[in-house]
Amino acid sequence: MHKIIRITIFVFILIGALPVYSAEFASSIRIGFAPETGGSMHSGWQLEKLEVEQGIYDINRSRDGFQLSTIEAPLGFSAAFDLRLILDKVYFKAGAGYNRVIAGGKGTTLDHSGTREVKVKYKQWSADFPVTAGVTLLFWGESRISLGGGAAFAYGNYSNSFKSVEPLFNHSASFTSYAFPLVAELSGEVFISSGTSLICSINHYYGRSRIVKDGSDYARVDFSGTRFTAGMVKYFSR
Amino acid sequence: MNFFFYILPVFIILSAPLYSQERVSAGVTAGYHYDAGNFSGKQNFDGTVQQNISAGAVFKLDFNFIFLRSGAEFSYPFIKGKYGGNIDTTEVYFVEVPLYAGLNLPIRNFGAFYMGAGGSYIFGSGDIKTSSGKVDISEQLFGYGFIAGIESEIHNSLSFIMEWGYVSAKSSPLAVFDPTDLYDDYYIDFTGHRIRAGFLYHFSSY
């Protein structure tokens with residue numbers, strides 16, 4: 001937490017020291033989606049009781065004679081808001097994002113003996129506050145491409161549940177934690193008026209929390225993943 | 001997934017007439033997909049990743065600053081994968097039918113940059129050779145993804161294109177990884193990055 005505060009203060013001092021009179025200020029609001037939200041969704045209980053070593057990546061098992069359904073990688077809904085300061089070809093940005101599983105992440109598999117069905121459900125939500133900087137190129141006042149990176153403070157919850165007729169395989173756990181994932185971003189904008197543009201953005205997060213315990217189970221909250229968002233940008237001084 | 005599988009293309013196609021000044025383009029690409037099968041993301045991997053090359057057709061509609069991108073691409077394993085354990089080699093072919101929409105960023109005297117999202121329908125075939133025999137692959141999937149690309153005009157009606165794409169798509173289990181297990185747990189993972197380059201012919205321009 002202290003680290004991100006120090007980085008944020010440093011960025012704002014840096015911004016303040018620059019010739020702000022030539023700057024552009026912009027704010028964007030976007031929504032989109034994130035395939036494979038939550039990473040592997042691995043936890044200690046899955047390893048010990050189901051012999052699943054990589055969570056959702058190897059939870060699926062199939063065998064004739066059982067009513068099974070594939071547990072697909074969760075699809076996340078993403079929303080983001082940010083404020084951006086543009087100084088010629090450089091930008092500094094701070095914002096907030098929200099990501100939540102809206103589809104996938106549930107189904108029915110088998111236990112490690114291959115004889116009992118286990119219903120599985122994975123969920124995750126997270127909120128994050130990225131601070132990034134990078135290069136931005138404006139083409140003829142009509143379009144803009146930006147590429148940058150930074151870090152975020154991310155806070156979220158990952159939960160799982162397993163249900164079976166065999167009581168040994170009934171389990172649920174919830175893990176809440178934070179991390180400071182690295183962020184890389186690429187965005188493209190098209191101006192529809194002098195002060196408004198449409199934007200598409202691809203943001204890649206890379207980072208997991210420390211190990212968190214819930215009873216005898218343990219896991220990390222994984223904030224890694226790629227998010228696509230689209231929305232509008234409003235320029236305040238253009 | 002069924003909702004998106006059917007609704008996404010309908011939504012994109014129906015929304016197209018909302019925008020004017022369309023440009024119709026078609027072209028061909030050649031591409032590369034490192035680690036087709038996504039072995040390096042799996043545990044117990046102890047072998048060689050599969051590498052695919054691809055050839056495809058591109059169909060692109062530009063409605064001013066909105067674009068629709070489709071086509072078809074055949075991906076061929078020019079280096080077979082060797083996973084290790086019970087999985088000897090994998091030879092996965094697939095046809096990918098992309099369906100993406102996004103923003104087209106015109107760049108005067110150069111061409112355009114575009115980026116968008118959507119997904120790809122994947123029709124996978126080929127086989128997995130295991131210590132106990134050969135398993136045929138016959139999969140139809142939909143995977144979500146993104147694309148970003150550059151169009152560089154080399155003539156009024158012809159552009160060179162370079163494109164990056166990412167798709168997330170995994171099959172259900174098809175083969176046994178550990179021969180002592182009673183169930184299939186090895187799946188084909190079509191997830192990964194694709195790079196393509198080619199030429200795009202513009203049948204009509206703005």
Side-chain angles (χ1 to χ4, degrees), chain A residues 32-37 40 42 51-64 66 68-76 103-104 107 109-115 137 139-145 186-192 197-202 204 225-230, chain B residues 1-4 8 38 41-45 64-67 100-119 141-150 164 166-178 180-187 189 191 193:
Chain A
F33 69 96
E36 303 201 25
T37 290
S40 74
H42 179 66
E51 296 185 7
V52 168
E53 296 179 349
Q54 273 192 299
I56 200 165
Y57 298 144
D58 60 354
I59 190 79
N60 286 301
R61 293 161 175 167
S62 70
R63 187 181 178 193
D64 290 341
F66 291 88
L68 306 173
S69 58
T70 304
I71 301 146
E72 293 180 353
L75 177 73
T109 188
L110 292 169
D111 72 315
H112 58 286
S113 70
T115 56
L137 301 174
F139 298 97
W140 305 98
E142 295 170 343
S143 54
R144 180 190 290 284
I145 298 170
L186 170 69
S187 67
E189 288 170 66
V190 173
F191 287 89
I192 54 174
S197 68
L198 299 177
I199 184 171
C200 276
S201 186
I202 296 173
H204 183 73
T226 307
R227 305 169 188 182
F228 178 90
T229 51
Chain B
M1 192 187 78
N2 286 338
F3 175 79
F4 290 98
L8 183 68
N38 206 14
K42 294 180 179 180
Q43 220 154 25
N44 305 315
F45 166 59
N64 201 350
F65 44 75
I66 304 289
F67 79 87
Y100 293 87
L103 276 187
N104 219 18
L105 283 65
I107 300 171
R108 283 192 212 178
N109 305 325
F110 177 77
F113 175 78
Y114 59 93
M115 57 193 299
L141 317 163
F142 179 79
Y144 298 99
F146 328 109
I147 54 168
I150 291 172
W164 161 82
Y166 177 83
V167 176
S168 168
K170 295 175 174 64
S171 78
S172 50
L174 298 171
V176 181
F177 179 72
D178 181 345
T180 62
D181 288 337
L182 300 172
Y183 47 78
D184 291 343
D185 58 351
Y186 183 83
Y187 59 91
D189 193 346
T191 302
H193 302 271

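First the proteins, then the strands, lettered A, B, ... as listed; each starts at 1.
Using a 4.5 Å cut-off between heavy atoms, B:Y166 contacts chain A through its side chain alone, with no backbone atom that close. Only the backbone of A:S187 comes within contact range of chain B, with at least one heavy atom under 4.5 Å from a heavy atom of that chain. Heavy atoms closer than 4.5 Å to chain B are found in both the backbone and the side chain of A:T226. Only the backbone of A:S201 comes within contact range of chain B, judged by heavy atoms closer than 4.5 Å. At a 4.5 Å heavy-atom cutoff, B:N38 makes no contact with chain A through either its backbone or its side chain. For A:L110, the part lying near chain B is the side chain, with the backbone staying farther off; criterion is any non-hydrogen pair under 4.5 Å. Using a 4.5 Å cut-off between heavy atoms, A:E53 contacts chain B through both its backbone and its side chain. For B:Y187, the part lying under 4.5 angstrom from a heavy atom of chain A is the side chain only. Contact of A:I71 with chain B is not made at all, since no heavy-atom distance falls under 4.5 Å.
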### Test log, rule side chain to side chain contact (heavy atoms under 4.5 Å, CB included), inputs B:F113 and A:L137
CA-CA 12 Å; B:F113 175 78; A:L137 301 174; over 6 Å; no
### Message
The test is side chain to side chain contact (heavy atoms under 4.5 Å, CB included); show your working for B:T191 and A:E36 and say whether it passes.
### Response
CA-CA 10 Å; B:T191 302; A:E36 303 201 25; 3.5 Å; yes
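Ring centers of A:F228 and B:Y100: at least 6.0 Å apart, outside the cut-off.
The closest side-chain heavy-atom distance from B:Y114 to A:C200 is not below 4.5 Å. A heavy-atom distance below 4.5 Å is not found between the side chains of B:D185 and A:I59. No side-chain heavy atom of B:D184 sits under 4.5 Å from any side-chain heavy atom of A:R61.
Nearest heavy-atom pair, A:T70 versus B:S172, reported as atom, atom and distance to 0.1 Å: OG1-CB, 3.2 Å. Across every non-hydrogen atom of A:P35 and B:Y144, the tightest pair is CG-CB, 4.1 Å. The shortest non-hydrogen separation linking A:W140 to B:N109 is CZ2-ND2, 3.5 Å. Scanning both residues, B:A117 and A:F33, for their nearest heavy atoms gives CB-CE2, 3.5 Å.
The pair B:K170-A:E72 does not meet the salt-bridge criterion, since no charged nitrogen lies less than 4.0 angstrom from a carboxylate oxygen.
Here NE2 of A:H204 is found 10.0 Å from CZ of B:F146. Values are rounded to the nearest 0.5 Å. Here B:F110 contributes atom CZ and A:F139 contributes atom CZ; the two are 8.0 Å apart, rounded to the nearest 0.5 Å. Interatomic distance, CZ of A:R144 versus CD1 of B:I107, reported as 12.5 Å (0.5 Å rounding). Residue A:I145 holds its CD1 atom at 7.0 Å from CD1 of B:I150, rounded to the nearest 0.5 Å. To the nearest 0.5 Å, atoms CG (B:L182) and NE2 (A:H112) are separated by 11.0 Å.
Checked by atom type and distance alone, the side chain of A:S143 pairs as donor or acceptor with a backbone atom of B:P106 at under 3.5 Å.
The choice from B:G102, B:G116, B:A169 that makes the most heavy-atom pairs within less than 4.5 Å of chain A is B:G116. Chain B forms more heavy-atom pairs under 4.5 Å with one residue of A:G188, A:G114, A:A73 than with any other, namely A:G188. Note: A:V190 leads A:L186, A:I202, A:V190 in heavy-atom pairs under 4.5 Å with chain B.
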